[in-house]
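For this chain, numbers begin at 1 and follow the sequence in order.
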Amino acid sequence: MTSFETAHVVEAYRERCEDRIEVIADGDRTLIVVADGAGGTGDGHIAAETVIREMRANYAAIDSSTAWSQFLSQLDLRIHGGETTAVIVDLHPDRILGASVGDSCAWVVDGQDITDLTRTQTRKPLLGSQAAKPAPFWHGRLSGVLLVGSDGFFDYAKREQITPLIGRTDFFALPRACLDMVRLPSGDLWDDTAIVACRIRRTAASRKRYSI
């Protein structure tokens with residue numbers, strides 16, 4: 001049975017972090033959510049937490065990218081008082097489903113190739129505006145490493161630095177290495193930053209072959 005392993009990090013650049021992540025492993029299905037509450041809307045962190053809570057309660061009944069997009073559209077109408085981005089990645093052994101809105105992103109990095117799953121999303125309006133336009137996405141079987149994160153990483157990371165970083169970094173240290181890559185010289189971050197890395201779980205045999 002195919003399963004996935006993940007590693008993640010969340011770090012604030014101010015007193016209260018507006019970024020939220022959730023990872024759910026359910027049999028051979030793994031779901032990853034990143035929601036970045038808009039700090040200027042007052043209750044962005046509450047809007048982000050609402051995405052996590054509603055996804056957790058409803059994912060079992062959702063089985064297509066279109067359904068994920070419809071889920072976010074309906075959620076947009078139910079969030080009041082705050083706004084947030086959202087990217088939901090629904091991994092299966094043979095495919096990746098999902099939907100997104102805002103500027104949080106999901107990339108599949110396979111060797112030197114980068115596929116931006118969220119390339120058709122709209123940066124605004126955000127969820128909670130009652131005018132969001134979530135974009136569905138579909139991809140084949142995961143090969144390489146999936147990176148899901150907020151704009152604190154994707155707005156400042158350079159593509160040409162990401163592929164060599166993945167190649168030389170232990171998987172479980174990868175989110176922290178990505179975070180450190182976008183730090184200012186002072187050590188501070190540009191923004192709250194959340195990063196989740198995911199790959200197909202390595203068996204003992206495959207880990208042995210990989211280490212040779």
Side-chain angles (χ1 to χ4, degrees), residues 1-8 19-36 47-79 84-111 113-128 132-151 153-154 162 166 171 174-175 178 194-202:
M1 182 179 72
T2 300
S3 61
F4 303 93
E5 54 192 0
T6 61
H8 66 267
D19 287 8
R20 299 290 187 272
I21 64 173
E22 178 78 343
V23 177
I24 296 175
D26 186 353
D28 61 0
R29 182 184 188 186
T30 293
L31 297 103
I32 299 170
V33 183
V34 171
D36 176 4
E49 289 165 1
T50 300
V51 173
I52 300 295
R53 184 180 65 251
E54 292 294 321
M55 184 281 299
R56 205 185 286 134
N58 292 282
Y59 78 88
I62 299 176
D63 60 1
S64 71
S65 297
T66 300
W68 277 120
S69 180
Q70 291 171 345
F71 166 78
L72 289 179
S73 292
Q74 293 164 4
L75 191 55
D76 176 48
L77 303 176
R78 300 201 305 271
I79 295 175
T84 184
T85 74
V87 53
I88 299 176
V89 184
D90 185 0
L91 294 119
H92 297 256
D94 61 343
R95 65 197 185 282
I96 304 172
L97 311 174
S100 64
V101 63
D103 51 14
S104 297
C105 297
W107 289 4
V108 174
V109 184
D110 188 8
D113 297 326
I114 296 178
T115 302
D116 181 356
L117 301 180
T118 50
R119 61 190 177 275
T120 63
Q121 70 187 1
T122 56
R123 293 177 71 95
K124 290 187 177 180
L126 299 176
L127 287 184
K133 296 177 174 59
F137 56 79
W138 186 96
H139 187 72
R141 183 177 185 270
L142 176 61
S143 178
V145 173
L146 170 70
L147 291 179
V148 188
S150 61
D151 65 331
F153 173 68
F154 283 102
I162 291 174
I166 290 176
F171 173 77
L174 183 57
C178 287
I195 304 168
V196 183
C198 178
R199 69 180 181 186
I200 294 176
R201 185 179 301 277
R202 298 188 185 278

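- Residues satisfying the side-chain contact (heavy atoms from CB on, under 4.5 Å) criterion with Ala67, sequence neighbours excluded, are Ile62, Ser64.
- In this structure, the side chains of Trp68 and Leu31 come closer than 4.5 Å at one or more pairs of heavy atoms.
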Inset, instruction - Apply side chain to side chain contact (heavy atoms under 4.5 Å, CB included) to the pair Leu126 and Val101, showing each step before the final yes or no. - result: CA-CA 7 Å; Leu126 299 176; Val101 63; 5.6 Å; no
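- Residues forming a side chain to side chain donor-acceptor pair (under 3.5 Å) with Thr50 (at least two apart in sequence, or on another chain): none.
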Inset, instruction - May I have the step-by-step check of side chain to side chain contact (heavy atoms under 4.5 Å, CB included) for Val148 and Thr118, ending in yes or no? - result: CA-CA 10 Å; Val148 188; Thr118 50; over 6 Å; no
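- Counting only heavy atoms from C-beta outward, the side chains of Glu54 and Gln74 never approach each other to under 4.5 Å.
- Between Ser104 and the options Val87, Ile21, Asp151, a side-chain contact (heavy atoms from CB on, under 4.5 Å) holds for only Val87.
- When all heavy atoms of Ile200 and Glu5 are compared, the pair lying nearest together is O-OE2, 4.1 Å.
- Distance alone, capped at 3.5 Å, is enough to place a donor-acceptor pair between the Arg201 side chain and the Phe4 backbone.
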Legend entry - Trace of the side chain to side chain contact (heavy atoms under 4.5 Å, CB included) decision for Asp19 with Val34: CA-CA 7 Å; Asp19 287 8; Val34 171; 5.9 Å; no
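- Here the shortest heavy-atom pairing between Ile88 and Phe137 reads O-CZ, 3.4 Å.
- Among all heavy-atom pairs drawn from Ile79 and Ala47, the shortest one is CG2-CB, 3.8 Å.
- Here the side chains of Trp138 and Ile96 are not in contact, with every heavy-atom distance at 4.5 Å or above.
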Inset, instruction - For side chain to side chain contact (heavy atoms under 4.5 Å, CB included), just list the numbers for Phe153 and Ile162, CA-CA rounded to whole Å, side-chain angles, deciding distance to a tenth of an Å, and then say yes or no. - result: CA-CA 11 Å; Phe153 173 68; Ile162 291 174; 4.0 Å; yes
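- In terms of heavy atoms, Cys198 sits closest to Ile32 at CB-CD1, 3.7 Å.
- Contact of the Thr30 side chain with the Val23 side chain is registered, since non-hydrogen atoms from C-beta on lie closer than 4.5 Å.
- Residues Gln121 and Thr85 form no side-chain contact, since every pair of their non-hydrogen atoms from C-beta on lies 4.5 Å or further apart.
- Counting only heavy atoms from C-beta outward, the side chains of Arg20 and Val51 never approach each other to under 4.5 Å.
- Shown here for Trp107 and Ile114, the closest heavy-atom pair between the two residues is CE3-CG2, 3.6 Å.
- Nearest approach of Arg199 to Phe171, heavy atoms of both residues: NH1-CB, 3.4 Å.
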